[in-house]
Every structure is written in structure tokens, then in C-alpha cells.
**Student:** 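This structure is in C-alpha cells; I'll ask about it shortly.
Residue numbers count from 1 along this sequence.
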Amino acid sequence: SEPCLLNCFKGHLFYALVITKEEELEIISKFLFKVVLYKAIYYNLVINIMHAYLGLSFISSENYLVIAGRDQTQNELIVKRYLKNNDVYVHAEIQGASSVIIKNPDTTGQIPIPPKTLNEAGQMAVCYSIAWDQKVVVSAYWVNANQVSKTAPSGEYLNTGSFMIRGKKNFLPPSQL
């Protein structure tokens, strides 16, 4: 992984750390969870930093970090780099939609992602798909990270940004565009 620079505050002191992208995302995810718990005043600053690093991303109304790819290459990158075991993968039921990841700060996997956050991520997946331009009503679905694979069945090939979903897809209600 490429090293990156993370600037942080502790009390009134300023630190600059050299860490990997994975460590950076984990730190940002855990920090955002603490920001909400302690009602920190630097919330908007953290969101601006997050947009600079992650592109299409937002904080759900229940304070979960949601990351999406803009194109096939970014979809491939975010799934390989940021999708971890306790996270959730969201996609629209239409080809060419954005891959959306909901980061779960609970590393034990005991706390599930709330339905409202799943719906918000599903709406993002649909809005960044061709369904938006064609004004087609499409549902999104979510799966656990361990159901997402880059391995195609024998004799088949997966393009860049495409993934194989194994097991049951949990469909979200269609959202009005």
C-alpha cells in the first residue's frame, strides 16, 4: 500500500503521521464514530478531509462512512482497498452502477448496519447508475463483504469493476428518483 500523510490533533498539539491507506481509512472511520459520540466540533473539517481522500463519499444520517466508486476502475479500487469483513457492499440491480461500501466501525461485526443507512447507500448506488439518466425505477441490494468475490465461475470472465455476488441478495425498497 502507498504511504500517505495524516494530520491529526491531540489536545492542542498537531501531529503528522505516515500511514497506509488502509490504516488511514480505519482511523478516519473510528474517529468519525467517536466524533458522533463526543459531539466534536471538528465534524465539518473531517468531512472535508474525507471528501478529498475518498471522492464519492458521505456520512449517513446514522453516522456511518459510505464510500462509492465513480467508474469501473474506482469500483475495483474501493472494493479491493476498503471492503473489509465487517463492512457491507451495496449495488443497484442494473449493470454499470456504482459499487458502494458502508464501513462498519464495529470490528467484531456484532452491531449490524441500520436500515436507514442501508437505504441511503442504496439510493446513492441507484443515483450513480444509468437508471438515473433513463428515469428507470431500480432496486438496490446489499450483501456482506464475504459474499463479494472477483473470482468468476469456470469458463467466465469478469470485467474491471465487476464482481461476483455469492449467496442471497438483500433487496432494498425501490426509491423514487
Side-chain angles (χ1 to χ4, degrees), residues 1-4 6 8 17-37 46-47 49-93 95 97-126 128-129 139-154 156-172:
S1 240
E2 307 169 8
C4 63
L6 178 69
C8 57
L17 305 172
V18 177
I19 58 175
T20 64
K21 284 281 188 189
E22 290 82 12
E23 291 169 330
E24 173 193 31
L25 186 65
E26 187 174 325
I27 289 169
I28 289 173
S29 181
K30 286 181 180 177
F31 177 71
L32 288 174
F33 196 68
K34 288 180 182 177
V35 164
V36 173
L37 293 176
V46 172
I47 290 173
I49 291 170
M50 188 183 65
H51 280 294
Y53 283 110
L54 302 176
L56 292 178
S57 59
F58 70 95
I59 305 297
S60 74
S61 59
E62 295 166 317
N63 302 306
Y64 284 82
L65 176 59
V66 180
I67 308 165
R70 293 181 182 148
D71 55 27
Q72 294 173 334
T73 307
Q74 248 189 4
N75 286 346
E76 187 91 23
L77 181 74
I78 66 163
V79 169
K80 283 184 177 179
R81 185 177 285 175
Y82 298 123
L83 186 64
K84 303 296 180 212
N85 288 338
N86 58 325
D87 299 334
V88 170
Y89 176 85
V90 182
H91 197 268
E93 189 63 18
Q95 189 174 5
S98 291
S99 289
V100 180
I101 296 170
I102 305 172
K103 297 298 293 176
N104 192 347
D106 175 36
T107 55
T108 64
Q110 298 296 321
I111 301 173
I113 304 291
K116 189 172 183 182
T117 296
L118 290 168
N119 283 326
E120 290 170 1
Q123 288 173 353
M124 183 178 198
V126 171
Y128 285 102
S129 72
S139 291
Y141 63 87
W142 66 271
V143 294
N144 293 315
N146 60 0
Q147 293 178 255
V148 181
S149 171
K150 190 62 183 166
T151 309
S154 60
E156 292 186 27
Y157 171 76
L158 291 175
N159 293 328
T160 302
S162 299
F163 302 95
M164 196 70 179
I165 305 298
R166 307 210 188 272
K168 182 182 178 239
K169 295 177 182 177
N170 303 291
F171 281 92
L172 300 166

**Student:** Of all residues at least two apart in sequence or in a different chain, which pass the side chain to side chain donor-acceptor pair (under 3.5 Å) check with S98?
**Tutor:**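 Testing S98 for side chain to side chain donor-acceptor pair (under 3.5 Å), a comparison that skips the adjacent residues, returns none.
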**Student:** Identify the heavy atoms of S61 and K116 that sit nearest to each other, and give their distance.
**Tutor:**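 Here S61 and K116 meet closest at OG-CE, 3.3 Å.
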**Student:** Going by heavy atoms in the side chains, are V90 and I101 under 4.5 Å from each other?
**Tutor:**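 In short, these two side chains do not touch, never coming nearer than 4.5 Å.
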**Student:** What residues, two or more places apart in sequence or in another chain, satisfy side chain to side chain donor-acceptor pair (under 3.5 Å) together with N146?
**Tutor:**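 Once residues adjacent in sequence are excluded, N146 has no partner under the side chain to side chain donor-acceptor pair (under 3.5 Å) criterion.
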**Student:** How long is the straight-line distance from CZ of F163 back to NZ of K80, given to the nearest 0.5 Å?
**Tutor:**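 Here the interatomic distance stands at 7.5 Å.
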**Student:** Can you find a heavy atom in the side chain of M124 that is under 4.5 Å from one in the side chain of V66?
**Tutor:**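 Yes; the side chains approach each other to less than 4.5 Å.
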**Student:** To the nearest 0.5 Å, tell me how far F58 CZ sits from L65 CG.
**Tutor:**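 The distance works out to 9.0 Å.
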**Student:** To the closest 0.5 Å, what do you measure between CD1 (I78) and CZ (R70)?
**Tutor:**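 CZ of R70 is found 11.0 Å from CD1 of I78.
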**Student:** Measuring from atom CD1 of I113 to atom CG of N144, what distance do you get when rounded to the nearest 0.5 angstrom?
**Tutor:**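 I113 CD1 to N144 CG: 9.5 Å, rounded to 0.5 Å.
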**Student:** Side chains of K103 and K84: does their closest heavy-atom pair fall under 4.5 Å?
**Tutor:**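 The answer is yes; the side chains approach within 4.5 Å.
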**Student:** Examine distances only and state if a side-chain atom of N104 and a backbone atom of I111 form a donor-acceptor pair shorter than 3.5 Å.
**Tutor:**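 Yes: the side chain of N104 pairs with the backbone of I111.
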**Student:** Quick check: closest heavy atoms across A140 and V126, and the distance to 0.1 Å?
**Tutor:**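 Taking every non-hydrogen atom into account, CB-CG2, 4.2 Å.
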**Student:** For residues Y82 and D87, report the shortest heavy-atom separation together with the two atoms involved.
**Tutor:**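 That would be O-OD2, 3.2 Å.
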**Student:** The criterion is side chain to side chain contact (heavy atoms under 4.5 Å, CB included); which residues satisfy it with L77, sequence neighbours excluded?
**Tutor:**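 For L77, the residues satisfying side chain to side chain contact (heavy atoms under 4.5 Å, CB included) (neighbours in sequence not counted) are R81.
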**Student:** Rounded to the nearest 0.5 Å, what's the gap from CD1 on I102 to CG on L118? Could you check?
**Tutor:**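 I102 CD1 to L118 CG: 4.5 Å, rounded to 0.5 Å.
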**Student:** Kindly determine whether V100 and Y128 satisfy side chain to side chain contact (heavy atoms under 4.5 Å, CB included), including the steps that lead there.
**Tutor:** CA-CA 10 Å; V100 180; Y128 285 102; over 6 Å; no
**Student:** Kindly assign one of parallel, tilted or perpendicular to the pair H91 and Y141, based on the angle between their ring planes and the thresholds 30° and 60°.
**Tutor:**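 The rings of H91 and Y141 sit tilted, inter-plane angle from 30° to 60°.
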**Student:** Might you point out which heavy atoms bring Q147 and V143 nearest each other, and give the distance in Å?
**Tutor:**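 Q147 and V143 have their closest heavy atoms at OE1-CB, 3.6 Å.
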**Student:** Taking all non-hydrogen atoms of both residues, which atom of P112 and which atom of Y64 are closest, and how far apart?
**Tutor:**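 Of all heavy-atom pairs spanning P112 and Y64, the closest is O-OH, 4.0 Å.
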